[in-house]
Amino acid sequence: MVTHLWVDIGSGISLGTGLLFWFWGTPVLFTRRSILFKLHYLSVADTLGSMAFMVGLLLRRPREWPLLLLAVLSLVMWNTVLGYVLAYCSTPEPPESRHGSGC
Amino acid sequence: MMLLTVVLWGMVGAFLLPLYHTARRRDIWETMLALSSVATKSSLILLLVSVIRDDWMMGLVGVITLSVGNAGFMLLAHLLRRMGQSGDSSLG
Amino acid sequence: MDPVVNVIMVLLPLSAGLLVLETNPYRALVVRGVLGSVAALLYALLGAADVALTEALVGTLLAVMLYAVAVRSSLVVRLGVLQGDLAQGGGGLAHLMTALRQVLGQEYVQVEWVPYGELEALQQALANQEVHGICLCLEPEGVQMITPIQRLYEILQREWPLPLQLEYQPLPAGGGH
């Protein structure tokens, strides 16, 4: 019974951390900073917050571990790659190559 | 179970923030950021609900949305970049 | 549980309205992705896992790609020019291109040159509707532009920043536009 209580407390702390991360990183969208700054905060908040959520859920329901593990893996991999791709695509290319493709 | 419901309400609240950001007409890349955030958050909400209801199928949908949706957004980002390259000034 | 589903149920028509009211086609693509995400979430919460999976796959991947191809291929104005004009200096044409992109970019339309070797080929292309208009460099300086499309003519006439001889020349019979 005691271990059950500890698991409950641990998963509660994890879930709270995840929620804290989300509410810390998402309002950065509304500021007037540069896009890369926002991307950094948002990807950190989303990835770390979601991983904290997964840990909390895993403590609570160890039976569903394959699903949660798969979610953690795909989240870490795809969010990193997507962050890189968005950063690469959102920065405008140097002006000389832009001009050359036109006429 | 009480705690999970409270956390779920918090997640829905956080889900509303990027959704509101898409309503504001800003730069298209900011909308892309909001889109990636919306996708991640929606699949996380789905996972949490699947744990609450003890439903494997829903969790599977969340995981597949998480991986496939992001791949689609990468393609979309490249397409938007190529369109911006060939002269649409509004894309910046 | 149910109040949460109700809140997300309200979000679906809201995001759909956002998509309908969006005027920029490129931003509409992104908002379509948001709508797909919200819809997949709602369908799964209501118990339709298969529908949610289909929406996630089709809505965020296939539909967005198809729309992107459609927007890219239809929102382009092709202007025929002579290869010689484009090769020698092309100062007038370069200025024209910048101004055209500025004016037509407000309507989310892109502009591209289609070079032709001779004047006959250029006029033949205009008659065959291969291009939306032709641009000719005049002798001392200046550019003459001929277009058979009335809408393009109206837009350019309304807000034209550069001095340019603009001519509206409707197609002889059964114009497709």
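Note on naming: letters A, B, ... go to the chains in the order of the sequence lines (proteins, then strands), and numbering restarts at 1 for each one.
The local environment of CZ in A:Phe37 is crowded, with over 12 non-hydrogen atoms from other residues, nucleotides or ligands closer than 6.0 Å. Within a 6.0 Å radius of CH2 in B:Trp9, other residues, nucleotides and ligands contribute more than 12 heavy atoms. Atom CE of B:Met57 sits in a sparse spot, with 12 or fewer heavy atoms from other residues, nucleotides or ligands closer than 6.0 Å. A 6.0 Å sphere centred on CZ of A:Arg33 holds no more than 12 heavy atoms belonging to other residues, nucleotides or ligands.
Taking chain A as the reference chain and counting heavy-atom pairs below 4.5 Å, the highest number among B:Glu30, B:His78, B:Lys41 is found for B:Lys41. No other option in A:Leu57, A:Val85, A:Leu19, A:Leu29 has as many heavy-atom pairs under 4.5 Å with chain B as A:Leu29.
Contact annotation for A:Met77: neither backbone nor side-chain heavy atoms come within less than 4.5 Å of a heavy atom of chain B. Contacts of B:Ser50 with chain A are made by both backbone and side-chain atoms, with heavy-atom separations under 4.5 Å. Contacts between A:Leu68 and chain B at a heavy-atom distance below 4.5 Å involve the side chain alone, from C-beta outward. Of the atoms belonging to B:Ile64, not a single heavy atom falls under 4.5 Å from chain A. With a threshold of 4.5 angstrom between heavy atoms, A:Tyr88 approaches chain B through its backbone and through its side chain.
Taking OG of A:Ser11 as the reference point, atom CG of B:Leu4 lies at 7.0 Å (rounded to 0.5 Å). Atoms CE and CG, on B:Met32 and A:Leu82 in that order, are 7.0 Å from each other to the nearest 0.5 Å. Distance CG/B:Leu33 to CD1/A:Ile35: 4.5 Å, rounded to 0.5 Å. Rounded to the nearest 0.5 angstrom, A:Arg61 CZ and B:Leu47 CG are separated by 13.0 Å. The distance from atom CG of B:Leu80 to atom OG of A:Ser90, rounded to the nearest 0.5 Å, is 11.0 Å. Between the OG atom in B:Ser36 and the CG atom in A:Asn79 there is a gap of 7.0 Å [rounded to 0.5 Å].
The heavy-atom pair separating A:Arg63 from B:Trp56 by the smallest distance is O-CZ2, 3.6 Å. Pairing each heavy atom of A:Ser74 with each of B:Ser67, the nearest pair is CB-CB, 4.0 Å. The minimum heavy-atom distance between B:Leu17 and A:Phe30, with the atom names listed, is O-CZ, 3.4 Å.
Listed in order of number, the residues of residues 20-27 of chain A that approach chain B to under 4.5 Å between heavy atoms are A:Trp22, A:Phe23, A:Thr26, A:Pro27. Proximity to chain B at a heavy-atom threshold of 4.5 Å picks out A:Asp46, A:Ser50, A:Phe53 from residues 44-53 of chain A, in numerical order.
In this structure, A:Glu64 has no side-chain hydrogen bond (donor to acceptor under 3.5 Å, both in side chains) partners at least two apart in sequence or on a different chain. Not a single side-chain hydrogen bond (donor to acceptor under 3.5 Å, both in side chains) links B:Asp55 to another residue, sequence neighbours left out.
Among A:Leu75, A:Leu67, A:Leu69, the one residue that satisfies the side chain to side chain contact (heavy atoms under 4.5 Å, CB included) test with B:Val63 is A:Leu67.
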